[in-house]
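Since the structure is predicted, the reported quantities are computational estimates derived from the model, not experimental observations.
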Amino acid sequence: MPDLLSVKNLKIEATSYPPGEPPKTVTLVENVSFDVQKGKVLGLIGESGAGKSTIGLSALAYGRGGAAITGGQVLLNGKDILTLGRDGVRTIRGCKVCYVAQSAAAAFNPAHKLGEQVIEAALRHKIMTRPEAEKRALYLFKVLGLPTPETFGDRYPHQVSGGQLQRAMTAMALCPNPELIVFDEPTTALDVTTQIDVLAAIKHAIEETHTAALYITHDLAVVAQISDDIMVLRHGKTIEYGTTKQIIEAPNEDYTRALVSVRQTKREEAKDQTNTLLKIDHVSAGYANGFKVLHDVSMHLPKGQTLAIVGESGSGKSTLARVITGLLPPSEGTITFDGKVLPKALNGRSKEELRRVQMIYQMADTAMNPRQTVRDIIGRPISFYYGLHGAKKTERVKELLNQIEMGDRFLDRYPAELSGGQKQRVAIARALAAKPELILCDEPTSALDPLVAEGILNLLLRLQEETAVSYVFITHDIAIVRAIADSVAVMHRGKLVRFGPKSKVLTPPFDDYTDLLLKSVPEMEIGWLEKVLTTRRMESAGN
């Protein structure tokens, strides 16, 4: 069978503008080649900055962020799309080649109904009449397992869940009958139970429509479920390229082997869980619209230990973190810290109470001022809580940079000059600057590739050993829970369904929801997705 997409010796460059220096040409992708046949899926995997998304966008003859394709060929059905020119490229984008972004929420216009947006490309390119496009959209809503497919298109983006919106974006990409779809980390931001549904829907849709696909991700366990072949990338170069079976079961390169064996971090739970630092007592909370999110939640965290709060999107994990910090006062219940009941609202807490509880956010990009240097970002809490300025403040910032294994060469860099892992380390240093006793970690590794995430987890564990800081670690990743937690709280729809030491919570017998959660964690095994879906169907039939 001839190749639908053939990329040959691809080279992509960008121009860098270092402060006070002449512009420099930076090579983002160098000498990358691969082929994709109709109906097949190639997985592109590698750490942040490996060039995955940059390569994927080249299939649309597009270079983002000032990047330019400066060498090689991108052949679609034997024709080099890099030679088409601006008008020619417009005839293939959103038509022959479509793109599914990581953030579905950012990809839809909130002011328009989903159905209109799904059929827009098919109408704009005059591929179908409106009745034909609407019929195609309905078919795709059914294939992708969306609820009430006949009326699903009448909803607005805010009226559906994250997983449903991700599937709607896949429908939008499939609607014009493209020959190739580029999936750019479409399940990274989803919880594990939703991720399975989206993966299954994508795989089924590809099989039904015989569309070829590039599937970009940093999760090898995910790509193993959907790809026929895998290309491993690092620093813009191909490390290894082969069948999924060969890459997973017999990788040739050290870097690939490291990806396959990631998550070796293991920590035994603490035996003594009686010296309580944080106590959450019968807490309920909601928002101004009257919607109640948390229902009578109680749990506790001992000093110097880690409590993992796990559950799918919408379970109330992040809302509970907002309650602990005082950003959202609870409607009922109390938060006790080191034996003292905390004021419910942030503005009622003393400076000392604020210092003792800090937070690390999921997206370091949006949690930092892009116009401030690392020196300023870490230095602000040092000045605020300890009144240090000038040389003394700089010396403390340097100590923190060494503590997070970065060093003072990063002092005057801006967030845009840091990698994803480096940004998250700076966020950790900023939290540590206050010398807190408790740090709330709200999914701080979910946007990072596995090797970088492993480094962040190891760093957090080392810092805990050195400073005896306690963590509340919010996550939907059971592998992280197994790696770092002392105790575990499982939440579902705002209620606590299971709580206790890690060894107890993760040992059967399980309640139905915890059982589903644990069975939904992708494994590095070819055919795992099919096994899980088969088991679900059998259990459903049995009920």
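A salt bridge does not link Lys502 to Glu269: none of the charged nitrogens lies less than 4.0 Å from a carboxylate oxygen. With respect to Arg462 and Glu465, no salt bridge is recorded, no charged nitrogen being found less than 4.0 Å from a carboxylate O. Between Lys317 and Asp442 there is no salt bridge, since none of the side-chain N atoms of the basic residue sits less than 4.0 Å from a carboxylate O of the acidic one.
Here the OG1-CD1 distance, from Thr187 to Ile196, works out to 10.5 Å after rounding to the nearest 0.5 Å. Atoms NE2 and CG, from His295 and Leu496 in turn, are 12.5 Å apart once rounded to the nearest 0.5 Å. The CG atom of Leu354 sits 9.5 Å away from the OG1 atom of Thr325 when rounded to the nearest 0.5 Å. The distance from atom CG of Leu277 to atom CG of Leu307, rounded to the nearest 0.5 Å, is 11.0 Å.
A cation-pi arrangement, defined by a distance under 6.0 Å to the six-membered ring centre and an angle within 45 degrees of its axis, is present between Lys351 and Phe384. Remark: Lys504 is not positioned above the aromatic ring of Phe499, lacking an NZ or CZ atom under 6.0 angstrom from the ring centre and at most 45 degrees off the axis.
Paired with Phe410 under the rule side-chain contact (heavy atoms from CB on, under 4.5 Å), one option of Lys398, Glu417, Arg425, Gln422 passes, and it is Gln422. For the side-chain contact (heavy atoms from CB on, under 4.5 Å) with Leu301, the qualifying choice from Ile324, Leu278, Ile309 is Leu278, the only one to do so.
Within 6.0 Å of NZ on Lys279 lie no more than 12 heavy atoms contributed by other residues, nucleotides or ligands. Within a 6.0 Å sphere centred on CZ of Arg257, other residues, nucleotides and ligands contribute more than 12 heavy atoms.
Applying the salt bridge (charged side-chain N to carboxylate O under 4.0 Å, His left out) rule to pairs touching residues 368-388 yields Arg375-Asp412, sequence neighbours excluded. Within the structure, side-chain hydrogen bond (donor to acceptor under 3.5 Å, both in side chains) contacts touching residues 223-233 (residues at least two apart or in different chains) do not occur.
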Please output the side-chain donor-acceptor pairs of residues 510-517 that fall under 3.5 Å, not counting sequence neighbours, one pair per line with the distance.
from	atom 1	to	atom 2	distance (Å)
Asp511	OD1	Thr514	OG1	2.7
Asp511	OD2	Tyr513	N	3.2
Asp511	OD2	Thr514	N	2.9
Asp511	OD2	Thr514	OG1	3.1
Tyr513	OH	Glu312	N	3.0
Asp515	OD2	Lys519	NZ	3.1

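Counting only distance, with no hydrogens or angles, the side chain of Arg430 and the backbone of Ile378 share no donor-acceptor pair below 3.5 Å.
Side-chain contact of Glu240 with Thr256: a donor-acceptor pair under 3.5 Å is present, judged by distance alone.
Taking the side chain as every heavy atom from C-beta outward, Val182 and Leu57 never approach each other to under 4.5 Å.
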